[in-house]
Trainee: 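For reference, the structure I am asking about is given below.
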Amino acid sequence: MINHETKILNSIENYDQSFHCALAFLKAEYPIALPTETVYGLAGDATSEKAISLIYQIKNRPRFNPLIAHVDGIEMAEKYCIIDPLSRQLMEIFWPGPLSFVLPLRINSKINHLASAGLKTLAVRCPCGIFKNIISHFGKPLVAPSANQSGRLSPTNAQAVYDDLKGKVPLIINGGSCVIGVESTIIKILENKAIMLRPGGVTRDEIESILNESFIENSNILNIESPGQLTSHYAPAAKIRLNAHEVFPNESLLLFGKQNIQKHGKIPYILNLSESGNLNEAALHLFSHLKRLDQPSIERIAVQTIPNIGLGEAINDRLARAAAPRS
Ligand code: TXA
Ligand code: MG
């Protein structure tokens, strides 16, 4: 049974105290919640069976769904994984930042097998801010899935982590709201071709402009390797209805820009992801707005169409999973 008093420390006001307290828990092999530029993560020692087991337990996450190991740069990643030239080139441009790479694990790497769910590959990324500094001092990678119950909305502020995980984690570092709001893009380079496993904070166009070519289609084999991508995910309690042109009184409404919508009666909860139609602003608000619209009195959240360009691809991916049939 996990039963902690959950302490919240503000790293903007008390950086040193937050930093040292975080390190102390990590060294004792306890997972803690930390801010990243994408979403808050539930971080733990990537070499510790105890820490990783606790992460799966706290999140109630299926153990076949592997975790991302967070490193402080290319050198640390290289100790554990084999980095091909294309991945290295992209790391040099996008790290620290919201881009994860699925790479072959080195034989005899010290990463615990639970982190990669027994696969021969490991997802790695280098986050920004306090998280990166903590990894450098810790000296080893930290695995960190999003700090929420498995399948639910990802948290983009410390309060959302507290609402979901209070009593289950000993410490939440509050670093304010995340600046991107959707998780990292996950890619894999196979025979010099890039495959996107999850759209996220770095857009398809940004990566393709460096590669000078397009992503190739994801294959079924890779989907099986990444089982977490297949299931219903990012789901509020209410159902989700996409591409709404009209809305009903048992629904709340998520708008984007200035599209027309026909209202059949009084709609109790309405929020706009970005009134000016800015997709970066929309990504920033996505999870927090869904959480606020997820009221017990409503059955569904009706969502207007979001253009599938730039960060819209990641937003639409999360919305499609939130709308998928739930088991
Ligand atoms: O922005 C992010 O990436 C956040 C922050 C906290 O860093 N983390 C995050 O972790 O989104 P998580 O656990 O919620 O999502 C990780 C995804 C899962 O869908 C998993 O299936 C995939 O990464 N993944 C992990 N290791 C993999 C591997 N070896 N091969 C393929 N997919 C992998
Ligand atoms: Mg997640």
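In what follows, every heavy atom counts, from backbone to side chain, and hydrogens, waters and symmetry copies are set aside.
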Trainee: For Pro236 and Ile301, work out which heavy atoms get closest and say how close.
Mentor: CG-CD1, 4.1 Å
Trainee: Below 4.0 angstrom, N of the basic side chain to O of the carboxylate: do Asp45 and Lys50 qualify?
Mentor: no
Trainee: Once you round to the nearest 0.5 Å, how far does CD1 of Ile32 lie from OG1 of Thr6?
Mentor: 12.0 Å
Trainee: Please determine, by modelled atom types, if Glu313 and Thr203 share a side-chain donor-acceptor pair under 3.5 angstrom.
Mentor: no
Trainee: Less than 4.0 angstrom from a charged side-chain N to a carboxylate O is my criterion; do Lys263 and Glu246 meet it?
Mentor: no
Trainee: Can you list the steps and then say if Leu271 with Leu293 is a side-chain contact (heavy atoms from CB on, under 4.5 Å)?
Mentor: CA-CA 8 Å; Leu271 290 171; Leu293 293 176; 3.9 Å; yes
Trainee: Count the heavy atoms belonging to other residues, nucleotides or ligands that lie under 6.0 Å from CD of Glu213, then report whether that count exceeds 12.
Mentor: yes
Trainee: Taking all non-hydrogen atoms of both residues into account, name the closest pair between Ile135 and Leu142 and its distance.
Mentor: CG1-CD1, 3.9 Å
Trainee: Show which residues join Ile270 in its hydrophobic cluster (side-chain heavy-atom contacts under 4.5 Å, direct or indirect), or state none.
Mentor: Val247, Leu253, Leu255, Ile261, Ile267
Trainee: Answer yes or no: is there an ion pair linking Glu299 with Lys239, defined by an N-O contact shorter than 4.0 Å?
Mentor: no
Trainee: How about Asp84 and Ser87: does a side-chain donor come under 3.5 Å of a side-chain acceptor?
Mentor: yes
Trainee: If we ignore angles and hydrogens, is there a donor and acceptor under 3.5 Å between the side chains of Tyr40 and Asp164?
Mentor: no
Trainee: Ile55 and Leu114: same hydrophobic cluster, using ILVMFWY side-chain contacts below 4.5 Å?
Mentor: yes
Trainee: Please test Glu37 against Arg125 for salt bridge (charged side-chain N to carboxylate O under 4.0 Å, His left out), starting from the C-alpha separation and ending with a verdict.
Mentor: CA-CA 12 Å; Glu37 71 279 38; Arg125 97 165 177 102; 2.9 Å; yes
Trainee: Can you name the nearest heavy-atom pair linking Pro170 to Phe25, along with the distance?
Mentor: CB-CE2, 3.5 Å
Trainee: Please check if Tyr269 and Phe248 belong to a single hydrophobic cluster, counting links between Ile, Leu, Val, Met, Phe, Trp and Tyr side chain heavy atoms closer than 4.5 Å.
Mentor: no
Trainee: Does a side chain donor of either Asn112 or Thr47 reach within less than 3.5 Å of an acceptor in the other side chain?
Mentor: no
Trainee: Does one side chain, of Arg198 or Ser184, offer a donor that lies under 3.5 Å from an acceptor on the other?
Mentor: yes
Trainee: Looking at Pro35 and Phe131, what are the two nearest heavy atoms and their distance?
Mentor: O-CB, 3.8 Å
Trainee: About how many Å separate CD1 of Ile306 and CZ of Arg318, when rounded to the nearest 0.5 Å?
Mentor: 13.5 Å
Trainee: Give me the atom names and distance for the closest heavy-atom approach of Ser116 to Leu122.
Mentor: CB-CD1, 4.2 Å
Trainee: Quick one: closest heavy-atom pair of Ala46 and Ile52, and the distance?
Mentor: O-CD1, 3.5 Å
Trainee: Which side-chain N or O atoms in residues 171-182 pair as donor and acceptor under 3.5 Å with protein atoms at least two apart or in another chain?
Mentor:
residue, atom, partner, partner atom, Å
Asn174, OD1, Gly176, N, 2.9

Trainee: Checking Asn278 against Ser276: is there a side-chain donor and acceptor pair closer than 3.5 Å?
Mentor: no
Trainee: Whether Arg321 and Asp317 form a salt bridge (side-chain N of Lys/Arg under 4.0 Å from carboxylate O of Asp/Glu) is what I want to check.
Mentor: yes
